[in-house]
Amino acid sequence: GENVEQHPSTLSVQEGDSAVIKCTYSDSASNYFPWYKQELGKRPQLIIDIRSNVGEKKDQRIAVTLNKTAKHFSLHITETQPEDSAVYFCAARYSSASKIIFGSGTRLSIRP
Amino acid sequence: EAEVAQSPRYKITEKSQAVAFWCDPISGHATLYWYRQILGQGPELLVQFQDESVVDDSQLPKDRFSAERLKGVDSTLKIQPAELGDSAMYLCASSLTGNASPLHFGNGTRLTVT
């Protein structure tokens, strides 16, 4: 079926440490993988995305890696800061109707 | 920066009543999506439009939900009759056409059914 699995559901890290969130998808034809950050009471906002022809993409403290063979992709946040506390969602664009399916989310907490 | 507009922001309704949500996508965005987000979960796609045509509504409970985008611009999502389990955030998003086009979300409508 069309689903995206995301782990862990909650993650607590010390400020300054790194955080990693992992997702797997089922459609080998998926070609676009965005990550969204959602703060409490606010809309999801795109923080980084990656296309299937790229293995890694970085934007300052945020990076995403993609392993097409294993059908999984990960979000890496380095030097975490209090403002990184939020719920993060991975997503994958499925080839059927080009629809975007979201994972169940990871609640990231940064401990001072 | 252009934004997706949604209204109302909050809606409280009694079960068995009808309710409607409105969305105006970013100008030029041909693809429009309605997602439902239950508290603590990821957004679930209800319906996707390409211009005025529905391209996916496989997860839309069609016995009570309907969606339209008559002129290929703004869209309305309706629930009739509302049930207690419909309480959720209803998010509208839009994107340009293309496989790598990101979704831009509106602020959503938080529906509470009593």
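Numbers restart at 1 for each chain; the letters A, B, ... are given by sequence-line order, proteins then strands.
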*Please check if the side chain of A/Arg43 supplies one atom and the backbone of B/Ala93 the other of a donor-acceptor pair under 3.5 Å.*
no
Quick one: what part of [X] sits under 4.5 Å from any heavy atom of chain B, side chain, backbone, both or neither?
X: A/Phe33; result: neither
X: A/Ile100; result: both
X: A/Gln45; result: neither
X: A/Pro44; result: both

*Identify which of B/Gly40, B/Ser95, B/Pro102 forms the greatest number of heavy-atom pairs closer than 4.5 Å to chain A.*
B/Pro102
*asked:* Using a 4.5 angstrom heavy-atom cutoff, name the option from B/Gln41, B/Gln50, B/His104 with the most pairs to chain A.
replied: B/Gln41
*How far apart are the closest heavy atoms of A/Tyr36 and B/Leu103, and which atoms are they?*
OH-O, 2.8 Å
In this structure, would [X] and [Y] fall into the same cluster of hydrophobic residues linked by side-chain contacts under 4.5 Å?
X: A/Tyr88; Y: A/Ile62; result: yes
X: B/Val55; Y: B/Tyr35; result: no
X: B/Leu46; Y: B/Trp22; result: no
X: A/Val4; Y: A/Leu11; result: yes
X: A/Val54; Y: A/Leu66; result: yes

Looking at [X], I want to see if its [atom1] is surrounded by more than 12 non-hydrogen atoms of other residues, nucleotides or ligands under 6.0 Å.
X: A/Gln14; atom1: CD; answer: yes
X: A/Leu40; atom1: CG; answer: no
X: B/Gln17; atom1: CD; answer: yes
X: B/Ile12; atom1: CD1; answer: no

*Can you name the residues of residues 61-73 of chain B that have some heavy atom under 4.5 Å away from a heavy atom in chain A?*
none
*asked:* Only heavy atoms, only distances under 4.5 angstrom. Which residues in residues 105-114 of chain B are near chain A?
replied: B/Phe105, B/Gly106, B/Asn107
*Applying disulfide bond (SG atoms under 2.5 Å apart), which residue pairs with at least one partner in residues 80-114 of chain B are found, sequence neighbours left out?*
B/Cys23-B/Cys92
*Gap between atom CD1 of A/Ile101 and atom CG of B/Leu45 - 0.5 Å precision*: 5.5 Å
_Contacting moiety of B/Thr31, where chain A heavy atoms sit under 4.5 Å_ = neither
_Less than 4.5 Å apart, side chain to side chain, heavy atoms only: is that true for A/Tyr32 and B/Ser101?_
no
_Going by the rule salt bridge (Lys or Arg N to Asp or Glu O under 4.0 Å), which residues pair with B/Arg36 if we only count those two or more places apart in sequence or in a different chain?_
B/Glu44
